[in-house]
Novice: 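Please see the structure below; I have some questions.
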Amino acid sequence: MFVSHLQVSDFRSWEQADLVFEPGPNVLLGANGQGKTNLVEALGYLATLGSHRVATDAPLIRHGAERALVRAVAVNEGRELRLELEITAGRANRARINRAPVPRPRDVLGIVRTVLFAPEDLALVKGDPGERRRFLDELLVARTPRYAGVRAGYERVLKQRGALLKTAGSARRAGGSGDIRTLDVWDGHLARHGAELLAGRLDLVAEIAPHVANAYAGVAPESAPVVVKYRCSLGAATPNSEVGGRADREALEAALLEGLAGIRSQEIDRGVSLLGPHRDEVELILGEAPAKGYASHGESWSYALALRLAAYELLRRDGTEPVLILDDVFAELDRRRRARLAEVAGAAEQVLVTAAVPEDVPEELAGVRFQIADGQVSREP
Ligand SMILES: Nc1ncnc2c1ncn2[C@@H]1O[C@H](COP(=O)(O)OP(=O)(O)OP(=O)(O)O)[C@@H](O)[C@H]1O
Ligand SMILES: [Mg+2]
């Protein structure tokens, strides 16, 4: 697929911007702080309903404005879909597809598909486990939008169960026993939703791991090989049975339920859920050691790049080419890695590249050019 139009109003620094993109390379050029990343962030938001830079929506709305608007036209095998998203801080967003309002914003997921690689991605390797879990979950949703509901359901359960554990903890400290029956019910919810998310992640890691290893060997052939592993908070109790070549959801649910029963007292003491996919880790191993804390800066960059390239490869194999977005990344890469990335990007159905100066854009990606300055976008003839 490719995106033929992007229009934003009151998004970040932009009062108004209107871009007509072409298939193949589209390069956004402009000095620091002119709003290049803001534009690709808007497109990324349409694809994931999240920003690669911030966790909340408020910073996405232009200072002083009430709400931001992002509109795009996605073209998939000749078929056009018009998407519109209204972002209001602290309230539910509203979405339209072909001008018709849809019940939930997440109904737009899966229409615009993007793989965005940006300097922030270093956190995939060096950051907290939450960064790596988010990487998996976003890819899961991009491939199978149904997982947006699974994720939201699980988050809801965690919140409610957390509140209940805190109440039970206070009751216990006051000499009572708390509402154990209700807790049993929430254990069941956590195990059910958790198992579904967990099964999705386990399957995804099994599928993506060889692509990450391949992509890494491609960008850093002189380096030690990499291995990606999923480490479940169930530890040794994680079932590894499969049904039809996929993770066994029922076995995972049973194992979670049993695990929860074993740690209930501890959970009540601490007032938090200690078991489930929100406590899991995606191990990124380089040679013999975890990349986090051991890998060099260049190796960490290559690892992050390999994760994104692998995601791109999986989405492609699913049958819809995602838009590849490369935000200010070429300046960070050495010659070999630049060349490797340029090769992949040059073959993409559509790629959006941002850079401060044209010298940072490899020749393979000479395409349509936009100059971004003083709140204006001008397309070069
Ligand atoms: N909510 C907002 N309202 C108004 N301005 C904002 C908002 N959020 C960010 N900005 C402004 O947007 C600018 C940054 O834009 P952006 O990150 O897109 O720059 P860029 O062109 O990618 O620069 P660089 O080359 O440094 O990456 C900053 O000047 C910042 O103050
Ligand atoms: Mg930028």
Side-chain angles (χ1 to χ4, degrees), residues 3 5-21 25-72 84-94 112 114-124 127 131 297 301 304-305 308 323-333 337-338 341-342 345 350-362 365 367-380:
V3 170
H5 287 79
L6 174 68
Q7 203 185 0
V8 300
S9 317
D10 292 332
F11 186 90
R12 292 277 199 187
S13 58
W14 292 95
E15 195 178 325
Q16 197 69 246
D18 204 334
L19 294 92
V20 176
F21 292 129
N26 295 261
V27 181
L28 309 183
L29 286 171
N32 296 143
Q34 294 300 310
K36 306 178 295 292
T37 300
N38 294 345
L39 290 172
V40 294
E41 183 181 35
L43 191 60
Y45 193 94
L46 267 190
T48 61
L49 298 180
S51 154
H52 69 289
R53 297 199 284 192
V54 285
T56 58
D57 287 346
L60 305 179
I61 299 163
R62 196 168 66 90
H63 292 314
E66 290 273 301
R67 57 183 184 274
L69 269 182
V70 182
R71 294 196 182 96
E84 186 179 320
L85 203 63
E86 189 184 297
I87 307 167
T88 316
R91 260 202 287 142
N93 294 341
R94 282 194 293 198
V112 169
T114 60
V115 169
L116 195 159
F117 182 50
E120 286 77 7
D121 282 333
L122 205 50
L124 283 177
E131 303 278 351
H297 182 78
W301 247 106
L305 176 58
R308 291 296 178 201
V323 177
L324 188 59
I325 301 177
L326 304 174
D327 181 25
D328 222 356
V329 294
F330 286 104
E332 289 264 1
L333 298 170
R337 293 181 176 106
R338 242 173 121 111
L341 182 57
Q350 185 176 49
V351 53
L352 307 184
V353 181
T354 76
V357 289
E359 298 82 78
D360 282 343
V361 183
L365 301 179
V368 189
R369 267 197 192 180
F370 300 85
Q371 292 289 345
I372 315 278
D374 306 323
Q376 301 287 330
V377 181
S378 48
R379 187 172 151 157
E380 287 186 358

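Because the structure is predicted, anything quoted here is derived from the model rather than measured. In listed order, ligands and their atoms are each counted from 1.
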Novice: Does a donor on one side chain and an acceptor on the other come within less than 3.5 Å for Asn38 and Arg53?
Specialist: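 Yes, because at least one side-chain N or O of Asn38 sits under 3.5 Å from a partner of the opposite role on Arg53.
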
Novice: Name all residues meeting the side-chain contact (heavy atoms from CB on, under 4.5 Å) criterion together with Ala65; count only those two or more places apart in sequence or in a different chain, and write none if there are none.
Specialist: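 Only Asp10, Ile61, Arg62 meet the side-chain contact (heavy atoms from CB on, under 4.5 Å) criterion with Ala65.
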
Novice: For ligand 1 and Leu60, I'd like to know whether there is a polar contact (N/O to N/O, distance under 3.5 Å).
Specialist: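 Looking only at distances, the answer is no, because the N/O contact criterion of under 3.5 Å is not met.
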
Novice: Quick one: nearest non-hydrogen protein atom to atom 18 (O) of ligand 1, plus distance?
Specialist: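 Of the protein heavy atoms, Asn38 N, 2.8 Å lies nearest.
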
Novice: What protein heavy atom sits nearest atom 28 (C) of ligand 1, and how far away is it?
Specialist: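 In this structure, atom 28 (C) of ligand 1 has Gly33 O, 4.2 Å as its nearest protein heavy atom.
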
Novice: Who's the nearest protein heavy-atom neighbour of atom 26 (O) of ligand 1, and how far?
Specialist: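 Here the nearest protein heavy atom works out to Asn32 ND2, 3.2 Å.
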
Novice: Ring centres under 6.0 Å, that's the criterion: do Tyr45 and Phe11 meet it?
Specialist: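 So the answer is no for these two rings.
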
Novice: Just by modelled atom types, is the Leu29 backbone N or O under 3.5 Å from a matching donor or acceptor in the Lys36 side chain?
Specialist: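 Absent.
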
Novice: If we count only N and O atoms by modelled type, under 3.5 Å, do the side chains of Ser378 and Gln371 hold a donor and an acceptor together?
Specialist: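 Side-chain D/A pair, Ser378 to Gln371: absent.
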
Novice: I'd like to check which ligand 1 atoms, numbered from 1 as shown, lie under 4.0 Å from a non-hydrogen atom of Gly35.
Specialist: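 It comes down to these atoms of ligand 1: 15 (O), 16 (P), 18 (O), 19 (O), 20 (P), 21 (O).
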
Novice: Give the contacting part of Ser13 toward ligand 1: side chain, backbone, both or neither, where contact means a heavy-atom distance below 4.0 Å.
Specialist: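 Both parts.
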
Novice: Tell me: protein heavy atom nearest atom 3 (N) of ligand 1, and distance?
Specialist: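 Among all protein heavy atoms, the one nearest atom 3 (N) of ligand 1 is His63 N, 3.0 Å.
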
Novice: With atoms numbered from 1 as shown, which atoms in ligand 1 lie under 4.0 angstrom from a non-hydrogen atom of Ile61?
Specialist: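 Per the distance check, 1 (N), 2 (C).
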
Novice: Report yes or no: do Thr354 and Asp328 form a side-chain donor-acceptor pair below 3.5 Å?
Specialist: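 Absent: no donor and acceptor within the cut-off.
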
Novice: What part of Thr354, side chain from CB on, backbone N/CA/C/O, both or neither, has a heavy atom under 4.0 Å from ligand 1?
Specialist: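 Looking at Thr354 and ligand 1, no heavy atom falls under 4.0 Å.
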
Novice: Give the single entry among Ala65, Ala373, Pro59 that approaches atom 1 (N) of ligand 1 most closely by any heavy atom.
Specialist: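 Result: the heavy atom closest to atom 1 (N) of ligand 1 is in Pro59.
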
Novice: Please state which protein non-hydrogen atom is closest to atom 9 (C) of ligand 1 and give its distance, to 0.1 Å?
Specialist: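 Closest protein heavy atom to atom 9 (C) of ligand 1: Arg12 CD, 3.7 Å.
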
Novice: Nearest heavy atom to atom 17 (O) of ligand 1 wins, so pick from Lys36, Arg62, Glu41, Arg53.
Specialist: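 The nearest heavy atom belongs to Arg53.
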
Novice: Quick test: of every protein heavy atom, which one is nearest to atom 27 (O) of ligand 1, and how far off is it to 0.1 Å?
Specialist: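 For atom 27 (O) of ligand 1, the nearest protein heavy atom comes out as Asp328 OD2, 3.5 Å.
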
Novice: Would you say the Mg ion (ligand 2) has Thr37 as a near neighbour, meaning an N/O/S atom of that residue under 2.8 Å away?
Specialist: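 Checking the Mg ion (ligand 2) against Thr37, an N, O or S atom does fall under 2.8 Å.
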
Novice: Less than 4.0 Å between atom 30 (C) of ligand 1 and some protein heavy atom, yes or no?
Specialist: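 Given the 4.0 Å limit, the answer for atom 30 (C) of ligand 1 is no, no protein heavy atom qualifies.
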
Novice: With a cut-off of 4.0 Å, which atoms of ligand 1 are near a heavy atom of Thr37?
Specialist: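 What qualifies from ligand 1 is 17 (O), 18 (O), 20 (P), 22 (O), 27 (O).
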
Novice: Of Asp327, Leu60, Val8, Val70, which meets side chain to side chain contact (heavy atoms under 4.5 Å, CB included) against Glu41?
Specialist: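 Only match with Glu41 under side chain to side chain contact (heavy atoms under 4.5 Å, CB included): Leu60.
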
Novice: Would you mind reporting whether Leu326 and Leu352 have side-chain heavy atoms less than 4.5 Å apart?
Specialist: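 Not touching, per the 4.5 Å side-chain cut-off.
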
Novice: Between CZ of Arg308 and CG of Asp121, what distance do you get to the nearest 0.5 Å?
Specialist: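 The distance works out to 4.0 Å.
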
Novice: Should we count CD of Glu380 as having more than 12 external heavy atoms under 6.0 Å?
Specialist: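 Yes.
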
